[in-house]
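Single-structure report; data block below.
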Amino acid sequence: MLFENKSSGADWILAGLGNPGEKYARTRHNMGFLTVDLLAEKQGVKLNKVKFKSAYNILRFGGARVLVMKPQTFMNLSGEAVQEAAQFYKIPADHVVVIYDDVSLPVGKLRVRPSGSAGGHNGIKNIIAHLGTDQFPRVKVGIGDPGGTGEERDMIDWVVGVPSQADRKVLLDTFARAIDAAECIIENGDCQKAMNCFN
């Protein structure tokens with residue numbers, strides 16, 4: 001079978017967004033990293049290969065060969081890593097699934113979308129700029145917002161802050177559902193079923 005001969009290739013990219021380094025490891029902005037780490041743990045592998053400005057590995061997931069990556073460029077330059085991997089494996093934008101944090105959703109709420117604007121998220125903004133399109137599926141993990149009407153600084157403090165113990169419990173369950181949503185997208189080749197099941 002032609003498909004099976006692509007042993008070293010990948011058909012999809014699953015990018016979990018975050019910031020590298022211990023300082024950011026458990027912060028709200030690292031929901032994507034934490035989700036793909038959980039996926040790798042469940043599969044008994046490590047995202048420890050280094051290429052495409054990322055820590056990555058290629059897993060069998062959702063019936064496909066999926067390059068699971070954690071861009072190491074810092075959030076605002078995530079697109080550099082995603083574009084490099086997509087170009088190398090000739091993966092079209094609609095086969096690039098991105099998991100990331102969303103302040104407009106309550107803690108633990110998931111939202112699957114097939115495309116759309118960055119909604120103020122700098123990582124997504126950079127991926128759109130580098131892929132040249134916003135037509136890629138995404139799984140958003142709600143982290144809530146800090147409330148109030150303070151300056152932008154408050155939002156930055158919020159996203160690089162660590163969730164409360166109660167929120168962490170909720171989020172752990174959310175990571176598992178985000179993995180299921182990503183698997184559903186890849187298995188079905190589009191977002192429709194995942195949107196019906198997870199939104």
Side-chain angles (χ1 to χ4, degrees), residues 1-18 20 30-73 75 77-101 110-116 123-124 126-141 174-199:
M1 277 176 69
L2 183 64
F3 178 76
E4 292 305 327
N5 290 339
K6 291 176 65 182
S7 58
S8 62
D11 309 291
W12 287 77
I13 288 172
L14 176 60
L17 301 192
N30 274 34
M31 298 296 108
F33 274 17
L34 293 167
T35 300
V36 295
D37 279 341
L38 179 62
L39 168 60
E41 191 183 306
K42 283 182 166 190
Q43 293 219 3
V45 299
K46 291 193 184 310
L47 303 178
N48 57 0
K49 296 184 178 181
V50 180
K51 197 177 179 177
F52 317 119
K53 298 178 183 163
S54 295
Y56 81 99
N57 214 323
I58 295 179
L59 315 182
R60 177 58 75 166
F61 179 61
R65 289 182 62 78
V66 182
L67 187 151
V68 180
M69 68 190 310
K70 293 162 61 178
Q72 300 295 294
T73 53
M75 181 65 84
L77 299 175
S78 300
E80 292 180 6
V82 172
Q83 182 196 30
E84 230 175 84
Q87 274 183 339
F88 186 85
Y89 287 111
K90 299 180 170 51
I91 295 173
D94 64 359
H95 278 49
V96 175
V97 182
V98 184
I99 301 178
Y100 62 101
D101 59 289
L110 273 193
R111 178 137 317 137
V112 177
R113 285 279 177 269
S115 60
I124 296 298
N126 196 253
I127 293 172
I128 291 170
H130 278 82
L131 294 182
T133 179
D134 67 0
Q135 301 294 302
F136 56 88
R138 62 280 309 255
V139 179
K140 308 177 188 188
V141 175
T174 311
F175 300 153
R177 286 189 297 117
I179 290 168
D180 291 345
E183 185 172 28
C184 185
I185 293 168
I186 291 166
E187 233 166 25
N188 291 283
D190 64 43
C191 288
Q192 199 51 59
K193 187 173 180 190
M195 286 164 71
N196 294 343
C197 295
F198 295 95
N199 284 357

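In this chain, numbering begins with 1 at the start of the sequence shown.
For N57 (side chain) and K46 (main-chain N/O), a donor-acceptor pair under 3.5 Å exists by modelled atom type. Between the R138 side chain and the G116 main chain, a donor and an acceptor come within less than 3.5 Å of each other. Side-chain atoms of D134 never come within 3.5 Å of backbone atoms of S115 as a donor-acceptor pair (strictly under, hydrogens ignored). Panel note: side chain R65, backbone G9; a donor-acceptor pair is recorded below 3.5 Å. Panel note: side chain Q43, backbone R60; a donor-acceptor pair is recorded below 3.5 Å. With S54 contributing its side chain and Y56 its backbone, the two residues share no donor-acceptor pair below 3.5 Å. Of the possible donor and acceptor atoms, none in the side chain of T73 sits under 3.5 Å from a partner among the backbone N and O of P71.
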Steps toward side-chain contact (heavy atoms from CB on, under 4.5 Å) verdict (I124, K140):
CA-CA 11 Å; I124 296 298; K140 308 177 188 188; over 6 Å; no
Intermediate values then yes/no, side-chain contact (heavy atoms from CB on, under 4.5 Å), I58 and L67:
CA-CA 4 Å; I58 295 179; L67 187 151; 4.3 Å; yes
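Between M69 and A85, the shortest heavy-atom contact is CE-CB, 4.0 Å. Counting all heavy atoms, side chain and backbone alike, F175 lies closest to T35 at CD2-OG1, 3.2 Å. Considering all non-hydrogen atoms of both residues, H95 and D11 come closest at CD2-O, 3.4 Å. Taking both residues in full, the closest heavy atoms of L14 and A182 are given as CD1-CB, 4.0 Å, listed atom of the first, atom of the second, then distance. Of all non-hydrogen atoms in L131 and A93, the two that sit nearest each other are CD1-CB, 4.3 Å. Of all heavy-atom pairs spanning R113 and C191, the tightest one is O-SG, 3.7 Å.
The CG atom of D94 sits 6.5 Å away from atom CH2 of W12, with the distance rounded to the nearest 0.5 Å. Atom OG of S78 is separated from atom CD of Q72 by 10.0 Å, given to the nearest 0.5 angstrom. I185 CD1 to F198 CZ: the interatomic distance, rounded to the nearest 0.5 Å, is 9.0 Å. Separating the NZ atom in K42 from the CG atom in L59 is a distance of 13.0 Å, to the nearest 0.5 Å. Taken to the nearest 0.5 Å, the CG atom of L39 stands 8.5 Å off from the CD atom of E183.
Two residues are said to be in side-chain contact when any heavy atoms from C-beta on lie closer than 4.5 Å; V141 and L110 meet this criterion. Here the side chains of V82 and F136 are not in contact, with every heavy-atom distance at 4.5 Å or above. The side-chain heavy atoms of L17 and I127, taken from C-beta on, include a pair separated by under 4.5 Å.
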